S.K.: 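Let me give you the structure first, and then I'll get to my questions.
Worth knowing before you read on, the calculation uses all heavy atoms, side chains too, and leaves out hydrogens, waters and symmetry mates. All values derive from a computational prediction rather than experimental measurement. Proteins come first, then strands; the chains are lettered A, B, ... in the order of their sequence lines, and each starts at number 1.
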There are 2 protein chains.
Amino acid sequence: MLENKNNAKTDISELGEFGLIDHLTSQFEVKHKTTIKGIGDDAAVISPEGKMIVTTDLLVEGVHFDLSYMPLKHLGYKAVIVNLSDVYAMNAIPTQITVSLAVSNRFPVEALEELYAGIATAAKLYEIDVVGGDTTSSTSGMMISITAIGQADEKEIVYRDGAKENDLLVVSGDLGAAYLGLQVLEREKQVFKVNPASQPDLDAYTYLIERQLKPEARKDIIQLLKELEVKPTAMIDISDGLSSEVLHICKNSKVGCNLYEDKIPLDPQVINTCEEFKLDSTTIALSGGEDYELLFTIKNEDFPRIKANPNLTVIGHMTNENEGVHLITRANTKIPLVARGWNALNKD
Amino acid sequence: MLENKNNAKTDISELGEFGLIDHLTSQFEVKHKTTIKGIGDDAAVISPEGKMIVTTDLLVEGVHFDLSYMPLKHLGYKAVIVNLSDVYAMNAIPTQITVSLAVSNRFPVEALEELYAGIATAAKLYEIDVVGGDTTSSTSGMMISITAIGQADEKEIVYRDGAKENDLLVVSGDLGAAYLGLQVLEREKQVFKVNPASQPDLDAYTYLIERQLKPEARKDIIQLLKELEVKPTAMIDISDGLSSEVLHICKNSKVGCNLYEDKIPLDPQVINTCEEFKLDSTTIALSGGEDYELLFTIKNEDFPRIKANPNLTVIGHMTNENEGVHLITRANTKIPLVARGWNALNKD
């Protein structure tokens, strides 16, 4: 759990609630000029520029993460990323976060330091201020609740409901790797249980594992779209799997969609590992989740601006609502798309 | 746990994550003109008026609440109130909240409906929009994480650090009742364990129990201060006990304080119940916590404006930092004030 197993272990009650918060948050400098007051009062004060974007996500130990293979530094990083991804999906720029943490007394202060180091790394890289939060004990396990705040000009904000018939459906990056990374890590955990001396060779899975343990939010895509002067008509981030997100856009925008199986971008490690695990790579891309790529629709006339870009793939087009939402398979059969995305409520 | 024990019990997995969120949040209408987009996209969009205030609080089952005597409707209500209280403590008006919830599968949908009914009641009464959130499973117990957003003109915002020497220290309402309400409820729980057929007579404790189970945030005091044209120099809400909050103001404002024991406002039920429980009422008021009253400092010249008001009590005055922070007892002895506030991290 700790990167350095030799570290001292300090019981969190030694510092007390305020002492612990001070200890963990003193590293956070205020960088944004919009942050008027960060940590240290009843609430943070922000000077908004344009409209404010607010989103929140909750990560629960044993449901969203397993500390037997998730280093705490990575967990802190990922907890920030999943929230930033939602802000980018509004075509907005995240500027502040609050971090609330519930931890059982099995976690020493040093463990929380690791977690906060990951939070601080993400905050630095994505240029956001940590402006508040709450730290408390739990009766068992760890929970992290992060709220991200972003800013955008009203005319730049992209919702889920703006897709129109004939718009193109575009996805950033590639899909399915994070889910397969989780499968590889779960397999290694089982192997380790049987034989703790085994030395795993994970070279064939490095990309998959990185996508699972250290995802990134696509700030670069938001910047790229601005540079290309392409404003998506609808946008969502892929947290629950491609099919679930396509259905969200279709439902909110009241359109149908034809999604082409042969267009779905897959990394070679995804293809190879699917073969090894005897999994269908399309199913993994459609339902795997946790990719944190951006899925968006653009007007047909904007296609020339994005077509040369290796980070963006056109995977389908929007149709009339009456035509429904379909996957067009490699065999050119048309099957209705159903959401089988990762569902945190069905896991227990 | 449920108000109507005959209710049907629907497993939350029957609805799925999105179905559950839709089911629970469909009752929330957008009321504020500043809410551009509420629930239903990657993030909420808010049109700020003035500066934005952001605060977050986390309530954990077994640490902050006990469902054996806390009805879920009250819990939902209280979870909102504790966050709004922080916004009022900035002399700001709360306008939106997000609600994140982690629940184990021991809670049926009907239990979450009760919880959300309490959230909706608070939202209606305090005129705030529920604009987002996250609902997930937990491996055990319930956790509620709420982020409140408020708005204020920059010149109206009151921080903890503005108190000056000779300012008067003022508190709203009365203190200690919420903590004693908890003691009464804990005692009844123990009695019930021994004799489940016992019929508790709680008439002597109605105020105490209400303060514990259904606290209010002092929106009225913020409005009153505006009407009286009194802007506090520093302000904080009393969540951890009077002594802890006085010390926060003194530390942040770099001042000392003389707090007068005989001025601390106590309800007669607090005095009577302290006698019954053989507790010192001053200790309870200083360290009890969960009162959600406002503690603030005002300039001496503002005293005539507040002195006639039964909701406000002057309990001390600020001194030079070098003089330290003291309680002046009824016997006119001067003892250093120490924080023994309720500390969620020391409870486990």
Side-chain angles (χ1 to χ4, degrees), chain A residues 12-13 16-17 20 36-37 40-48 51-58 60-64 86-87 89-90 92 96 98 100-102 104-105 131-141 143 145 147 149-150 154 157 159-160 236-237 252 343-348, chain B residues 12-13 16-17 20 36-37 40-48 51-58 60-64 86-87 89-90 92 96 98 100-102 104-105 131-141 143 145 147 149-150 154 157 159-160 236-237 252 343-348:
Chain A
I12 50 177
S13 64
E17 182 178 351
L20 181 65
I36 297 180
K37 178 81 191 179
D41 215 298
D42 293 282
V45 180
I46 296 167
S47 183
K51 303 303 172 192
M52 301 282 295
I53 311 296
V54 181
T55 180
T56 189
D57 259 305
L58 190 61
V60 179
E61 186 180 357
V63 179
H64 300 95
D86 279 321
V87 178
M90 303 297 286
Q96 285 91 7
T98 63
S100 289
L101 190 64
S104 73
N105 56 11
V131 296
D134 196 7
T135 305
T136 183
S137 60
S138 79
T139 48
S140 76
M143 271 169 291
S145 174
T147 297
I149 292 157
E154 186 159 20
I157 298 173
Y159 297 96
R160 294 178 179 177
I236 193 169
D237 76 319
N252 282 269
N343 188 331
L345 283 169
N346 292 333
K347 284 203 86 184
D348 57 348
Chain B
I12 50 177
S13 65
E17 181 177 353
L20 182 64
I36 298 180
K37 179 80 191 181
D41 214 297
D42 293 280
V45 179
I46 295 167
S47 183
K51 302 303 173 192
M52 300 284 294
I53 311 296
V54 181
T55 180
T56 190
D57 258 305
L58 191 60
V60 179
E61 186 180 355
V63 179
H64 300 95
D86 279 322
V87 178
M90 302 298 287
Q96 285 91 7
T98 64
S100 289
L101 190 64
S104 74
N105 55 11
V131 296
D134 196 8
T135 304
T136 184
S137 59
S138 79
T139 48
S140 75
M143 201 198 64
S145 174
T147 297
I149 292 158
E154 185 160 22
I157 298 172
Y159 296 95
R160 295 177 179 177
I236 192 168
D237 75 319
N252 281 270
N343 190 329
L345 282 169
N346 291 334
K347 284 204 82 181
D348 58 347

S.K.: Rounded to the nearest 0.5 Å, how far does CG of Asp134(A) lie from OG of Ser145(A)?
M.R.: 9.5 Å
S.K.: Heavy atoms only: give me the nearest Asp86(B)-Ala43(A) pair and the separation to one decimal.
M.R.: O-CB, 4.4 Å
S.K.: Counting only non-hydrogen atoms closer than 4.5 Å, does Ile149(B) touch chain A with its backbone (N, CA, C, O), its side chain (CB onward), both, or neither?
M.R.: side chain
S.K.: For the interface with chain B, which of Thr55(A), Thr139(A), Val45(A) has the highest count of heavy-atom pairs at distances below 4.5 Å?
M.R.: Val45(A)
S.K.: For Asp237(B) and Ala89(B), work out which heavy atoms get closest and say how close.
M.R.: N-CB, 3.5 Å
S.K.: For chain A, which of Thr56(B), Thr147(B), Val60(B) has the most heavy-atom pairs under 4.5 Å?
M.R.: Thr56(B)
S.K.: Is chain A contacted by the side chain of Ile157(B), its backbone, both, or neither, given a heavy-atom distance below 4.5 Å?
M.R.: side chain
S.K.: Under 4.5 Å heavy-atom distance to chain A, tell me which part of Val87(B) shows up: side chain, backbone, both or neither.
M.R.: neither
S.K.: CG of Leu58(A) to CE of Met143(A): how many Å apart, nearest 0.5 Å?
M.R.: 7.5 Å
S.K.: Measuring heavy-atom distances to chain A, does Thr98(B) have an atom under 4.5 Å in its side chain, in its backbone, in both, or in neither?
M.R.: side chain
S.K.: For Gln96(A), which atoms come within 4.5 Å of any heavy atom of chain B: side chain, backbone, both, or neither?
M.R.: neither
S.K.: Atom CE of Met52(A) and atom OG of Ser47(B): how far apart are they, to the nearest 0.5 Å?
M.R.: 10.5 Å
S.K.: Identify the heavy atoms of Asp41(A) and Lys37(A) that sit nearest to each other, and give their distance.
M.R.: CB-CE, 3.9 Å
